[in-house]
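Structure, as structure tokens:
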Amino acid sequence: MPTLNRRDVLKTLGLTAGAAALTPTAQANEIREITFPENPDYIPLAQPITAIVLGAGNRGNVYGRYAVAYPSDVKMVGVAEPNEFRNERFAKTHGIESGHRFKTWEDVFNVPKFADAVIISTPDTLHYGPAIKALEMGYNILLEKPISPSMQECLDILAATKKSKSIIAVCHVLRYTAYFRKLKELCASGTLGEMISINHLEGIEHVHMAHSYVRGNWHESEKTNPIILAKSSHDLDIMRWIANTPAKTVSAYGNLKWFKLENAPAGSTERCVEGCKVERECPFSAIKVYYEQKKRIHVLDVPEDPALQGPAILERLKTSNYGRCVYRMNNDQPDHYTSIFQFGNGILATFGLEAFTAWESRKTRVMFSMGEIEGDNDLIKVTDFRTKEVTIWKASAQKEFNNSGHGGGDHGLMQNFVQAVAQNNRALLTSTIDASIESHVMGFMAEASRKSGKSMDIKLK
């Protein structure tokens, strides 16, 4: 097992710069690097599987990039996207013929089956229809999370899957990262005794919150998904995976406290580009985020040529929600959310979702009868109470997946799905729909608890 020297560890922990990172309470007895294990089920393919992308937005292009990086694994042969700019861009990138370019997902299923799989990366409310139709036509499915904003639709998709021979995987990409695979392995090892409790925190990061859940596609929960599912279905899935036993009850609390009209500063305007007097000091300024810093501009559908982006961005800020004042949106997603889950075997888990953080990451503590595991999405610290030994693990993405999002998880998921389809073997999947359904029900019941003020039972109907 490769090790890191003391200089590397100090740099990683942020101690050389005085940063407040995951700091061991005792001198580490051993420092190890997490390596992404070889996939024993991987086999080179004689020819790539073929896939159609339904929804060529951000996530559709994430999975599309896997096909560009690994053309021997998968070839994109069709696209359905009503936005002409995105449709054209995706078709050009993948060399898709005009006859296999469609405006809507319905159009894809009006022609005979022409691919091995469909990748459903449409908006959340448009997952159910294409999933059911794809199963009927015998397509294999890679389904972006959340499965659906409706618990009944989630259960209906699960029931339809059980009647089908198709492979269907849900995009819980964190299961495929080196970091969370190691965290799961350490928690399941039994070396620290019996698991007692879990404390998990997701920091959305304040600008990300404003971008996605105040201005963005998910700012109205009734039209998309509650934030506990839209943002944190990953986290619920990870907690269920680590606990390794079903959740029984949940109590949840949270509300929208800050991003409201009553908190709009004096001198602010409907749009950041309309002469707002506090724009220069506002951390959520659309001018600073999109025009000056060029962050998250993929949603604005601007030209790829940097020289042409500036005027296009300013035009979008005048006409789209991304240019509106964060205090003047018709948003309803909570900006802070706390839930308490009671799992089997007496395991208690708390989960916090926070908008107002300076960082975008996840922090996890798992307490055992004989030790503790603490992680910050990069480092994992294991403390054994009996021996006082402290071991630090340093995470890294699989080398060939370093350019993939979610710490290598996006492309790790794609490789897993491709192999399951190519070998026609559901057992190869890590994020099956059966497993994903449980975490979705956890989210639906958490939201019911938050709204009702009552503790809710968690069970599959």
Side-chain angles (χ1 to χ4, degrees), residues 55-59 61 81-86 121-126 146 149 202-232 254-304 306 308-337 353-358 360:
N58 178 41
R59 296 307 295 172
N61 279 282
E81 170 57 59
N83 182 305
E84 183 59 29
F85 177 89
R86 298 179 182 183
S121 48
T122 48
D124 298 350
T125 53
L126 296 178
E202 180 181 11
I204 300 177
E205 195 268 338
H206 57 290
V207 174
H208 186 182
M209 176 71 189
H211 169 77
S212 295
Y213 305 101
V214 180
R215 292 178 170 127
N217 292 339
W218 296 274
H219 70 279
E220 291 181 277
S221 61
E222 293 299 324
K223 294 182 180 180
T224 55
N225 260 304
I227 196 169
I228 189 72
L229 280 169
K231 186 69 178 80
S232 299
N255 55 62
L256 174 61
K257 182 176 181 180
W258 184 246
F259 294 109
K260 300 189 292 188
L261 182 60
E262 63 196 61
N263 293 321
S268 59
T269 53
E270 287 293 327
R271 290 184 178 273
C272 299
V273 295
E274 293 177 347
C276 174
K277 290 183 170 51
V278 295
E279 180 270 325
R280 284 293 84 187
E281 63 194 64
C282 177
F284 312 106
S285 161
I287 296 174
K288 288 192 290 190
V289 173
Y290 304 111
Y291 180 70
E292 296 175 2
Q293 300 170 6
K294 300 294 191 296
K295 291 183 176 179
R296 306 181 187 278
I297 61 173
H298 62 273
V299 301
L300 302 179
D301 296 331
V302 296
E304 294 184 7
L308 302 177
Q309 288 180 350
I313 291 171
L314 287 178
E315 183 60 29
R316 302 295 189 277
L317 299 189
K318 295 176 183 177
T319 58
S320 74
N321 281 342
Y322 293 102
R324 293 177 62 186
C325 174
V326 293
Y327 302 101
R328 292 175 165 83
M329 291 293 300
N330 53 334
N331 55 301
D332 66 355
Q333 298 281 22
D335 48 31
H336 59 299
Y337 203 119
L353 178 65
E354 296 293 341
F356 299 101
T357 59
E360 181 181 354

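Position 1 is the first residue of the sequence; numbering continues from there.
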Mutual orientation of the aromatic rings belonging to Phe356 and Phe259 [parallel < 30°, tilted 30-60°, perpendicular > 60°]: parallel
Backbone N/O of Ala56 and side chain of Glu81: donor-acceptor pair under 3.5 Å: yes
All ring pair (Phe, Tyr, Trp, His ring centres under 6.0 Å) counterparts of His211, not counting sequence neighbours: Tyr290, Tyr322
Sub-4.5 Å side-chain heavy-atom contact between Leu317 and Arg271: no
Pair Lys295 + Glu205, salt bridge at N-O below 4.0 Å: no
By ring pair (Phe, Tyr, Trp, His ring centres under 6.0 Å) - contacts of Tyr337 (at least two apart): none
All pairs passing salt bridge (charged side-chain N to carboxylate O under 4.0 Å, His left out) where residues 320-332 contributes a residue, at least two apart: Glu270-Arg328
Lys257 versus Asn263, closest heavy-atom pair with distance: O-ND2, 3.1 Å
Residues in side chain to side chain donor-acceptor pair (under 3.5 Å) contact with Glu292, at least two apart in sequence or another chain: Arg280
Lys294 atom NZ, over 12 foreign heavy atoms within 6.0 Å: yes
Closest non-hydrogen atom pair, Lys318 against Val273: CG-CG2, 4.0 Å
For Lys223, all residues meeting salt bridge (Lys or Arg N to Asp or Glu O under 4.0 Å), sequence neighbours excluded: Glu220
Test item: Leu229 and Asp124 side chains (from C-beta on) under 4.5 Å apart, heavy atoms: no
Sequence-distant partners of Tyr291, ring pair (Phe, Tyr, Trp, His ring centres under 6.0 Å), two or more places apart: none
Over all atoms of both residues, closest heavy-atom pair of Arg86 and Val299: NH2-O, 3.5 Å
